[in-house]
Amino acid sequence: FSCALMCPSTYKKPSKKNLSLPQNIDQQFFLAIRMSNLDEDISYGKHPPHSDSAIRLASSVHRFHLPEMGWGNNGPGTSVSFSRAFRTSGKCVETKLLMQQTDAARLALAQALSAGSGRNKHAEVIRTSQEYLPLIHQVLSSCKAHPDGAILDERLLFEWSSGIEKAKSSKKEDRFSKSEALMYDLVMTIVCEGLGHVGMACDNCIEGKFANSSKSFKLAAGIFDFLAVVQLPKWISKGTTVTEKELPIECAVGTCEALKELFLGIAQQMAVATVLVKPEKPNYKLVAKLCLGNCARFEEFTRIMRNKANGQMVKIDSSFYTLLTFQITLQKALSSYFQARAAWDDDEYGVAICMLNEASTLMRTRSSPTGKGIPDIDSKSSLRALINDISDFRKHISSLMQLWENDNSTVYFSKVPSSVPNNMVISQGTLMMKTIPFSLSEVKPLLLSAPSESFADPSAPPPTAPRMNDNPPPPTLSQVDDKEPPPYSAIDNLPAMRERSDSELARELQAKLNAGEDI
């Protein structure tokens, strides 16, 4: 877990005074004296502000890992070489330089991902991802623009481990999912940037930099929204043996759609924490609506995963779902708590006590998996790091309840309803956060050409070298093209003759690409 631990507070709890009604004084006379001395009695009605434990609980998040590249003989990322793979078809000076730059950038990203933990690790992953992304995008676009020239001298096999899933195996070689698709490498690079922002957000959360943390989560939400809406649907589904189950969970449209909701919810958590750490009294009613909005985001994440990525749910560590269940209940409890404080400030004393009692009920340990309350926390629970803050927040609610009940029974005499009146129930939470949009920059496809001597005799077949299979996707994704680059096994069956020249085909494909048509 990554929890906000730095929430300083200079507030000193006032001394508790005896507000009981003296037996030898008439009640109305006592009340008149009590009300006339309010200005002099500085402790009366001065109740403790929200506790630091509430801030830490409200900003507790699950820290995901980062993906990793497969290992070659010389370390992570060295099993793939674009320069060697396109040695023949990429002889053009500009193309050759692109392949060299792509190799260097990919190796830098692999090293950043496999580096030990450190304060700057996530920033380095973001930087190297952003440097590699336009290069791999340009290679992919070049293969689409010149499919007949995308003949490989060496096989490209991309290996990635997931940053979201629990470890498949203790053996390093069993952790990686493999695919020959350039799109696979492109998608996982985008995932690296997204999870890099998540990691940086967690670091900022720990340091109490909640505004910065919120922005990073919104950036991550935008990246996974782009994957779900734009990039993954382009991944052609026809004619491949690679299934969605064999790829990392981040390569599923449903998972990315759900992660967008999750990260927007956490971004709003950080916004709430930003308000609560300020010295001035917050707008408690607004904070209550924001907490209820957080709850709605987390419930929407669960709904999307069940409906669109049900088969992927088991791949995520159970500790994540434990925290998510806790957060849904906690956000409801915080919403009731802040509603209570808003009602008390509005002189709705009886209703405020009823709302605070609801918050206290939600913070209890539930008696069954479907009961009201937070999950049970034992020595093995993933929530054990939060035990002290949960206990402190419960004590805070109990102390505040005693103060309010004491004041109400001696001064206000407001009736405490058995349930919150319908007209004072917040029916819907506020969804304040929006994604920070993400997009791929436009790139210029470079020339990929087949050896000219292979076509001196029109009846001679092309060389039997691997052809770049740039788009084999998970079969569950939508089809966007009827024709797909052939797999390696089909290279020997390439047509012996071509009706049009390479230049004519390249111009046609380039025109389609510029027009935004599917290729």
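In summary, of the residues considered (L195, T255, L227), a side chain to side chain contact (heavy atoms under 4.5 Å, CB included) with E250 occurs for L195 alone.
Other residues, nucleotides and ligands place more than 12 heavy atoms under 6.0 Å from the CG atom of N283. Atom NZ of K315 sits in a crowded spot, with more than 12 heavy atoms from other residues, nucleotides or ligands closer than 6.0 Å. Environment of NZ in K121: crowded, with over 12 heavy atoms of neighbouring residues, nucleotides or ligands closer than 6.0 Å.
The side-chain heavy atoms of F393 and M363, taken from C-beta on, include a pair separated by under 4.5 Å. Contact check for L446 versus C92: no side-chain heavy atoms found under the 4.5 Å cut-off. Annotation: side chain of L440 is in contact with side chain of F226 (closest heavy-atom distance under 4.5 Å). In this structure the side chain of S161 never reaches within 4.5 angstrom of the side chain of M69, judged on heavy atoms. In this structure the side chain of L66 never reaches within 4.5 angstrom of the side chain of C192, judged on heavy atoms. Using a 4.5 Å cut-off on side-chain heavy atoms (C-beta onward), M270 and V61 make contact. In this structure, the side chains of T325 and I328 stay at 4.5 Å or more apart for every pair of heavy atoms. In this structure, S83 and R87 have side chains that are not in contact, with every pair of non-hydrogen atoms separated by 4.5 Å or more.
Between the side chain of Q268 and the main chain of M432, a donor-acceptor pair closer than 3.5 Å is present. Checking side-chain atoms of D378 against main-chain N and O of S381 turns up a donor-acceptor pair under 3.5 Å. With hydrogens and angles disregarded, a donor-acceptor distance shorter than 3.5 Å links the side chain of S162 to the backbone of I164. Under a 3.5 Å cut-off, the side chain of Q331 and the backbone N or O of G293 do not form any donor-acceptor pair. Judged by distance alone, the side chain of T95 and the main-chain N or O of L447 form a donor-acceptor pair under 3.5 Å. H50 places a side-chain N or O within 3.5 Å of a backbone atom of L276 that can act as its donor or acceptor partner. With hydrogens and angles disregarded, no donor-acceptor distance shorter than 3.5 Å links the side chain of Y184 to the backbone of C251.
For residues 113-134, no pair satisfies ring-ring contact (aromatic ring centres under 6.0 Å, His included), with sequence neighbours left out. Sequence neighbours left out, the pairs with a member in residues 208-233 that pass side chain to side chain donor-acceptor pair (under 3.5 Å) are E207-K209.
The CD1 atom of I136 sits 13.0 Å away from the CD atom of Q101 when rounded to the nearest 0.5 Å. Interatomic distance, I151 CD1 to S449 OG, rounded to the nearest 0.5 Å: 9.5 Å. The line from CD of E442 to CD of Q138 is 11.5 Å long, rounded to the nearest 0.5 Å. Once rounded to the nearest 0.5 Å, the distance linking SG of C205 with CZ of R56 reads 11.5 Å. I266 contributes atom CD1, which lies 5.5 Å from atom CZ of F298 (distance to the nearest 0.5 angstrom).
The aromatic ring centroids of F224 and F438 lie 6.0 Å or more from each other. Ring centroid separation for the pair F320 and F301 comes in under the 6.0 Å cut-off. Remark: aromatic rings of Y337 and Y284 are distant, center separation not under 6.0 Å.
Electrostatic pairing of R303 and E300 counts as a salt bridge here, judged by a charged N lying under 4.0 Å from a carboxylate O. Ion pairing between E299 and K332 holds under the 4.0 Å rule for side-chain N and carboxylate O. With salt bridges taken as basic N to acidic carboxylate O contacts below 4.0 Å, one links D203 and R63. Checked for salt-bridge contact, R84 and D103 miss the test: no charged N lies under 4.0 Å from a carboxylate O. Ionic pairing of E257 and K260 is not present here: no N-O contact between side-chain nitrogen and carboxylate oxygen is shorter than 4.0 angstrom.
In this model, a donor atom of one side chain and an acceptor atom of the other lie less than 3.5 Å apart for S335 and Q339. For the 3.5 Å distance criterion, the side chains of S177 and E159 fail to qualify, holding no donor opposite an acceptor. A side-chain donor from one of Q327 and S60 sits under 3.5 Å from a side-chain acceptor of the other. In the model, T88 has a side-chain atom that pairs as donor or acceptor with a side-chain atom of D153 under 3.5 Å. D389 and S53 share no side-chain donor-acceptor pair at under 3.5 Å. Residues N294 and Q269 bring no donor and acceptor atom of their side chains to less than 3.5 Å of each other.
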Next on the checklist: Could you walk me through whether Q100 and F82 satisfy the side-chain contact (heavy atoms from CB on, under 4.5 Å) test, starting with their C-alpha distance in whole Å, then the side-chain angles of each, then the deciding distance to 0.1 Å, before giving a yes or no?
Outcome noted: CA-CA 7 Å; Q100 293 173 348; F82 290 95; over 6 Å; no

Next on the checklist: Please evaluate residues T430 and L292 with respect to the criterion side-chain contact (heavy atoms from CB on, under 4.5 Å), reporting the C-alpha separation (whole Å), side-chain torsions for both, the decisive distance (0.1 Å), and the verdict.
Outcome noted: CA-CA 7 Å; T430 298; L292 209 57; over 6 Å; no

